[in-house]
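Remember, predicted model here, so these are calculated numbers, not experimental data.
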Amino acid sequence: KAVVSTQSTGSANENLRLTPEEMNHFEKIAKKTSEGVELVSQDMELVAKLLSWEKNLVFPCIDLARSINKASPKFFEFEDKLGIITANLSVPSSTCVRVALRFLVDVTCQHTQHCVDNFANQVAPAMDCLNTTDKKFVCLALYKILYNMTCVDADLITSRCILDSISKLLAYIQRELTEKDKTETMQFHLLVAIGNILTKNSQLSELVEKDLIKQFDSSKYNHKIRVTAKEILAL
């Protein structure tokens, strides 16, 4: 395992320039991750250096970090994974934000319980990405993240926070997106996620936005969505 710093130190810093040897090392790391080969701790110094670049330059570095995590899930500590992600969710580069959201989807699959336990501080802030211009991509990532959060147990306060985020995303999709084939997949999984929460925490049913759910009990939605909406309203 390795520990990294995600603090930006400025692209003008000569210490951050890659030497020819480091470029060769970078290529070897990239080749290892593309082949699913597990990395070793000696690779970490270069990875940390890359991740310290300014955010407008860091895209290939965070993409590499995501690839490393997929090839070697234990290479980064859990807190470092979230640190890399959160450091790139609010940067001007839409490419960095996209990769950070993809990375967060991966992490919520790998460490679902840990992500639930840290939801309010380290996962929920991803909802702010709805303010970006790439609406559909953000929604596609967020629905997967939020659905994953309902697949394990959570305390009542966290469950309410997750429920609020799901309702916000569901309403946003209704309001902002129009592609039926894409939105119905998201809507169905978010409705199932609400059902998951209410099944475990029936006392939260009074907090469900009933008017929002009733919209899905309509002939314009597919059978799965209508049935799921009815089941939620009956809880």
Side-chain angles (χ1 to χ4, degrees), residues 66 70 85 89 97-117 119-120 123-235:
R66 179 179 178 240
K70 291 180 73 118
I85 292 165
L89 283 176
V97 173
R98 288 167 67 97
V99 179
L101 284 169
R102 287 194 183 104
F103 199 168
L104 186 55
V105 172
D106 297 341
V107 172
T108 59
C109 289
Q110 293 172 331
H111 308 281
T112 311
Q113 190 64 61
H114 286 301
C115 288
V116 167
D117 294 342
F119 181 79
V123 180
M127 291 293 292
D128 292 338
C129 293
L130 288 173
N131 298 322
T132 66
T133 55
D134 197 351
K135 298 175 183 177
K136 187 173 77 172
F137 179 86
V138 172
C139 290
L140 284 167
L142 288 176
Y143 98 80
K144 295 173 185 176
I145 291 165
L146 293 175
Y147 177 81
N148 288 343
M149 296 296 87
T150 69
C151 294
V152 297
D153 292 334
D155 61 51
L156 191 61
I157 294 174
T158 301
S159 295
R160 179 172 180 173
C161 187
I162 296 171
L163 179 60
D164 288 344
S165 295
I166 292 172
S167 298
K168 178 181 177 182
L169 181 58
L170 201 53
Y172 182 90
I173 291 170
Q174 283 283 86
R175 186 175 66 251
E176 300 290 339
L177 301 185
T178 57
E179 292 183 52
K180 185 177 180 181
D181 58 330
K182 295 291 186 182
T183 59
E184 285 199 339
T185 298
M186 293 186 271
Q187 289 161 339
F188 172 68
H189 281 87
L190 290 171
L191 289 169
V192 171
I194 291 175
N196 289 345
I197 291 174
L198 298 184
T199 300
K200 299 170 188 173
N201 302 277
S202 58
Q203 60 269 54
L204 293 178
S205 60
E206 61 186 36
L207 300 178
V208 172
E209 296 181 28
K210 298 293 197 299
D211 289 341
L212 174 62
I213 305 302
K214 286 177 182 176
Q215 294 180 41
F216 298 101
D217 186 10
S218 164
S219 59
K220 71 178 183 177
Y221 294 101
N222 66 42
H223 178 71
K224 292 193 303 182
I225 288 178
R226 296 198 306 272
V227 168
T228 307
K230 287 177 180 177
E231 290 176 348
I232 291 171
L233 293 170
L235 290 173

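Considering all non-hydrogen atoms of both residues, A126 and L142 come closest at O-CD2, 3.8 Å. Of all heavy-atom pairs between V116 and A154, the closest is CG1-CB, 3.4 Å. Taking all atoms of both residues into account, the shortest heavy-atom contact from S205 to L235 is CB-O, 4.2 Å. Of all heavy-atom pairs spanning I173 and C139, the tightest one is CG1-SG, 3.9 Å. The two atoms that bring A120 and P125 nearest to each other are O-CD, 3.6 Å, heavy atoms only.
Checking side-chain atoms of Y143 against main-chain N and O of H189 turns up no donor-acceptor pair under 3.5 Å. Judged by distance alone, the side chain of S202 and the main-chain N or O of L198 form no donor-acceptor pair under 3.5 Å. In this structure, T158 contributes its side chain and D155 its backbone to no donor-acceptor pair below 3.5 Å. Within the 3.5 Å criterion, the main-chain N or O of Q215 finds no donor-acceptor partner in the side chain of S218. Under a 3.5 Å cut-off, the side chain of T150 and the backbone N or O of Y147 do form a donor-acceptor pair.
Contact of the T178 side chain with the T183 side chain is not registered, since no non-hydrogen atoms from C-beta on lie closer than 4.5 Å. Side-chain atoms of L156 and L204, non-hydrogen and from C-beta on, do get closer than 4.5 Å to each other. Residues I197 and I166 meet the side-chain proximity criterion, which asks for heavy atoms closer than 4.5 Å. Residues F119 and I145 have side chains not in contact (no heavy-atom distance under 4.5 Å, counting atoms from C-beta outward). By the 4.5 Å heavy-atom criterion applied to side chains, S167 and V208 are not counted as neighbours. Contact annotation: the side chain of N148 never approaches that of C115 to less than 4.5 Å [non-hydrogen atoms, C-beta and beyond].
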Carefully, step by step, assess D134 and V97 under the rule side-chain contact (heavy atoms from CB on, under 4.5 Å). CA-CA 10 Å; D134 197 351; V97 173; over 6 Å; no
Mind running side-chain contact (heavy atoms from CB on, under 4.5 Å) on L170 and I194 for me, showing each step along the way? CA-CA 10 Å; L170 201 53; I194 291 175; 4.1 Å; yes
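Atoms CD1 and CD1, on I162 and I157 in that order, are 12.0 Å from each other to the nearest 0.5 Å. Atom NZ of K136 sits about 14.5 Å away from atom CD of E176, to the nearest 0.5 Å. For the atom pair CG (L207) and OG (S159), the distance works out to 11.0 Å, reported to the nearest 0.5 Å. Rounded to the nearest 0.5 angstrom, T132 OG1 and L101 CG are separated by 7.5 Å. The line from CG of L163 to NZ of K168 is 14.0 Å long, rounded to the nearest 0.5 Å. Expressed to the nearest 0.5 Å, how far CG of L130 lies from NZ of K135 amounts to 10.0 Å.
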Scan the side chains in residues 222-229 for donor-acceptor partners under 3.5 Å anywhere in the protein, sequence neighbours excluded, and list what turns up.
unit_1	atom_1	unit_2	atom_2	d
N222	OD1	K224	N	3.1
N222	OD1	I225	N	2.9
N222	ND2	E184	OE1	2.9
R226	NH1	Y221	O	2.4
T228	OG1	K224	O	2.7

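The salt bridge (Lys or Arg N to Asp or Glu O under 4.0 Å) test applied to K200 returns no partner, not counting sequence neighbours.
Within a 6.0 Å sphere centred on CZ of R102, heavy atoms belonging to other residues, nucleotides or ligands number more than 12.
Side-chain contact, D117 with Q113: a donor N or O sits under 3.5 Å from an acceptor N or O.
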